[in-house]
Amino acid sequence: MSLEGAIAANRFGLGARPGEIDRASRNPKAWLLGQLDGPAPEPAAPPSHPFQKAGELVVFEDAFKVQKFLHKGDKKKRKGEPREEKALDKSGKMAGGNARRKIYLAEMGARFELGFATDRPFAERIVRFWSNHFTISAKRRKVALFAGDYEREAIRPHINGSFEDMLFAVCMHPAMQIYLDNWRSIGPDSPSGEKRGRGLNENLGRELMELYTLGVDGGYTQADVIAMAKLLTGWSVYAGRPNGFGFYPERHEPGSITLRGKTYPPGWEGGAAAVRDLAHDPATARHIARKLAVHFIADDPPKESVERLAKIFSDTGGKLSALYEAIVNDPAAWAPKQTKMRTPVEFVTAAM
């Protein structure tokens with residue numbers, strides 16, 4: 001057993017399981033990097049409840065909306081029914097909501113179980129980092145339905161790929177589309193906008209730059225937020241594809257759009273090009289580098305560590321596995337001084 005083995009198991013992992021510090025102590029850095037071979041492990045679904053993909057969950061949500069609509073019509077017809085009948089009716093209305101809750105609890109329970117037992121705790125910590133970076137909130141009931149699939153489909157397969165690939169997977173997932181209301185965002189001058197009188201929602205355009213890529217000091221204006229929101233119009237949810245994503249040209253703001261001094265063409269190509277440019281921007285490299293250093297090294301990480309990570313991000317085109325290797329090899333990450341607190345979820349996981 002060694003100090004470095006304990007640091008590897010605790011600072012980079014989820015808390016030491018029996019024998020884990022001994023295994024890590026043989027070669028702590030190799031033990032960590034050996035866990036990053038391929039995608040992150042997936043939680044195991046309960047035998048009675050196989051996990052569904054995003055497209056299947058979109059179908060479920062559509063069916064639930066139809067059920068609620070029909071229920072409202074029936075409720076008007078049944079105004080004079082006895083109380084018992086009304087209670088049964090309410091129970092039927094809640095069936096979809098209960099199913100949402102069951103799906104969410106099954107996903108979260110499986111996630112905890114994986115954290116308790118995994119032999120790749122560094123990979124799991126990385127998953128938790130990216131899920132927190134690309135945050136959604138299950139407080140919104142509609143989002144809760146998609147939360148487990150969001151991590152399984154948009155985060156876990158991409159932890160060792162490129163930042164660009166993960167960014168696209170996140171932005172296109174129904175959980176993010178619904179959480180930030182982009183699925184209802186319509187270009188004001190689009191055919192749908194002129195017909196429906198509904199307009200732009202800026203949430204995803206803003207958070208995409210402020211939180212997920214450039215950072216709050218990354219060099220964009222409110223005009224850029226509006227431009228990004230326009231580029232993302234038409235990006236929505238669709239039950240016809242496994243990933244639950246659809247692009248609707250009739251909702252997309254027509255014409256070329258200028259974002260941060262660069263003009264993008266209309267349609268899917270313009271929005272995709274803008275997202276791709278954000279993924280490779282130098283400000284994004286600095287923002288992601290600092291967040292990773294804060295997560296694994298210290299709340300106020302050494303400037304040299306952040307600069308090293310940002311350079312690797314830029315030089316490799318956002319290759320994530322290269323960033324993790326740089327963190328593992330950073331001397332500051334192995335300083336024995338305890339500088340970080342566990343999150344509540346990580347505390348519970350480590351205690352178990």
Side-chain angles (χ1 to χ4, degrees), residues 36 126-135 154-155 158-173 176 180 182 202-232 235 256-265 268-333:
L36 300 181
I126 289 168
V127 169
R128 309 286 175 90
F129 168 81
W130 288 115
S131 291
N132 184 63
H133 176 75
F134 291 115
T135 187
I155 303 293
H158 302 288
I159 66 162
N160 286 312
S162 70
F163 179 77
E164 178 188 319
D165 288 346
M166 187 184 289
L167 184 63
F168 270 102
V170 161
C171 289
M172 294 166 66
H173 196 279
M176 184 61 74
L180 293 177
N182 198 76
E202 299 175 8
N203 288 350
L204 182 56
R206 176 178 290 103
E207 306 298 18
L208 181 57
M209 292 188 287
E210 180 180 330
L211 297 182
Y212 304 151
T213 58
L214 305 175
V216 68
D217 56 351
Y220 64 91
T221 65
Q222 175 59 20
D224 293 320
V225 170
I226 294 170
M228 191 72 237
K230 287 180 177 179
L231 286 162
L232 293 172
W235 293 40
S256 58
I257 295 169
T258 300
L259 170 70
R260 301 175 74 224
K262 181 175 179 178
T263 300
Y264 293 89
W268 164 260
E269 293 78 11
V275 171
R276 197 173 294 114
D277 285 346
L278 289 175
H280 296 276
D281 194 279
T284 299
R286 292 191 297 271
H287 182 54
I288 299 302
R290 177 167 178 80
K291 285 198 72 171
L292 276 166
V294 166
H295 189 77
F296 286 105
I297 298 175
D299 287 345
D300 186 18
K303 182 181 177 183
E304 298 77 15
S305 299
V306 176
E307 289 177 348
R308 190 181 302 116
L309 288 168
K311 185 176 187 305
I312 289 170
F313 186 107
S314 297
D315 290 350
T316 64
K319 185 179 179 183
L320 299 180
S321 59
L323 293 178
Y324 314 143
E325 185 173 354
I327 290 171
V328 168
N329 287 312
D330 193 312

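Note that this is a predicted model, so its numbers are computed, not measured.
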*Asks:* Should Leu232 and Val275 count as side-chain neighbours, where that means a heavy-atom distance under 4.5 Å?
*Replies:* yes
*Asks:* For residues 214-228, dump all side-chain donor-acceptor pairs below 3.5 Å to protein atoms at least two apart in sequence or in another chain.
*Replies:*
from   : atom 1 : to     : atom 2 : distance (Å)
Thr221 : OG1    : Ala223 : N      : 3.3
Thr221 : OG1    : Asp224 : N      : 3.3
Thr221 : OG1    : Asp224 : OD2    : 3.2
Gln222 : OE1    : Arg206 : NH2    : 3.2
Gln222 : NE2    : Glu202 : OE1    : 3.0
Asp224 : OD1    : Arg260 : N      : 2.9
Asp224 : OD2    : Thr221 : N      : 2.9

*Asks:* Roughly how far, to the nearest 0.5 Å, is the CZ atom of Arg276 from the CG atom of Asp281?
*Replies:*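 Asp281 CG to Arg276 CZ: 14.5 Å, rounded to 0.5 Å.
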*Asks:* Please determine which of Thr135, Val170, Leu320 meets the side chain to side chain contact (heavy atoms under 4.5 Å, CB included) test together with Trp130.
*Replies:* Leu320
*Asks:* Roughly how far, to the nearest 0.5 Å, is CG of Leu36 from CG of Asn160?
*Replies:* 5.0 Å
*Asks:* Might you point out which heavy atoms bring Phe163 and Ala279 nearest each other, and give the distance in Å?
*Replies:*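 So the two residues come closest at CD2-O, 3.8 Å.
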*Asks:* Looking at Thr284 and Leu278, would you say the former's side chain and the latter's main chain have a donor-acceptor pair under 3.5 Å?
*Replies:*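 Yes, because the side chain of Thr284 sits within donor-acceptor range (under 3.5 Å) of the backbone of Leu278.
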*Asks:* Verify, without hydrogens or angle tests, whether His287 (side chain) and Leu211 (backbone) share a donor-acceptor contact under 3.5 angstrom.
*Replies:* yes
*Asks:* Testing the basics here: between Ala289 and Val306, what is the closest heavy-atom pair and its distance to 0.1 Å?
*Replies:* CB-O, 3.5 Å
*Asks:* Quick one: sort the Phe168 and Trp268 rings into parallel, tilted or perpendicular, breaks at 30° and 60°.
*Replies:* tilted
*Asks:* Determine the minimum heavy-atom distance between Ala332 and Asp330, stating which atoms define it.
*Replies:*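 Smallest heavy-atom distance, with atoms named: N-OD1, 2.9 Å.
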*Asks:* How close do Ser256 and Thr263 get, counting heavy atoms only, and between which atoms?
*Replies:*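 Residues Ser256 and Thr263, closest heavy atoms: CB-CG2, 3.7 Å.
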*Asks:* If you look at every heavy atom in Gly271 and Trp235, which pair is closest and at what distance?
*Replies:* C-CZ2, 3.9 Å
*Asks:* To the nearest 0.5 angstrom, please state how far the CZ atom of Phe129 sits from the CZ atom of Phe296.
*Replies:*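 Rounded to the nearest 0.5 Å, the CZ-CZ separation comes to 7.5 Å.
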*Asks:* Give the minimum heavy-atom separation between Ala333 and Ile327, together with the two atoms involved.
*Replies:*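 Of all heavy-atom pairs spanning Ala333 and Ile327, the closest is CB-O, 3.6 Å.
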*Asks:* Check whether His133 reaches the backbone of Tyr212 with its side chain - one donor and one acceptor, N or O, closer than 3.5 Å.
*Replies:*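 It does hold such a pair.
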*Asks:* If you measure from CD1 on Ile288 to CG on Leu309, what distance do you get to the nearest 0.5 Å?
*Replies:*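 Ile288 atom CD1 to Leu309 atom CG measures 11.0 Å (nearest 0.5 Å).
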*Asks:* What's the spacing between Asn329 CG and Arg308 CZ if we round to 0.5 Å?
*Replies:*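 Atom-to-atom, Asn329:CG and Arg308:CZ are 9.5 Å apart.
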*Asks:* Can you tell me how far the CZ atom of Phe134 sits from the NE2 atom of His173, to the nearest 0.5 Å?
*Replies:*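 That separation rounds to 13.5 Å.
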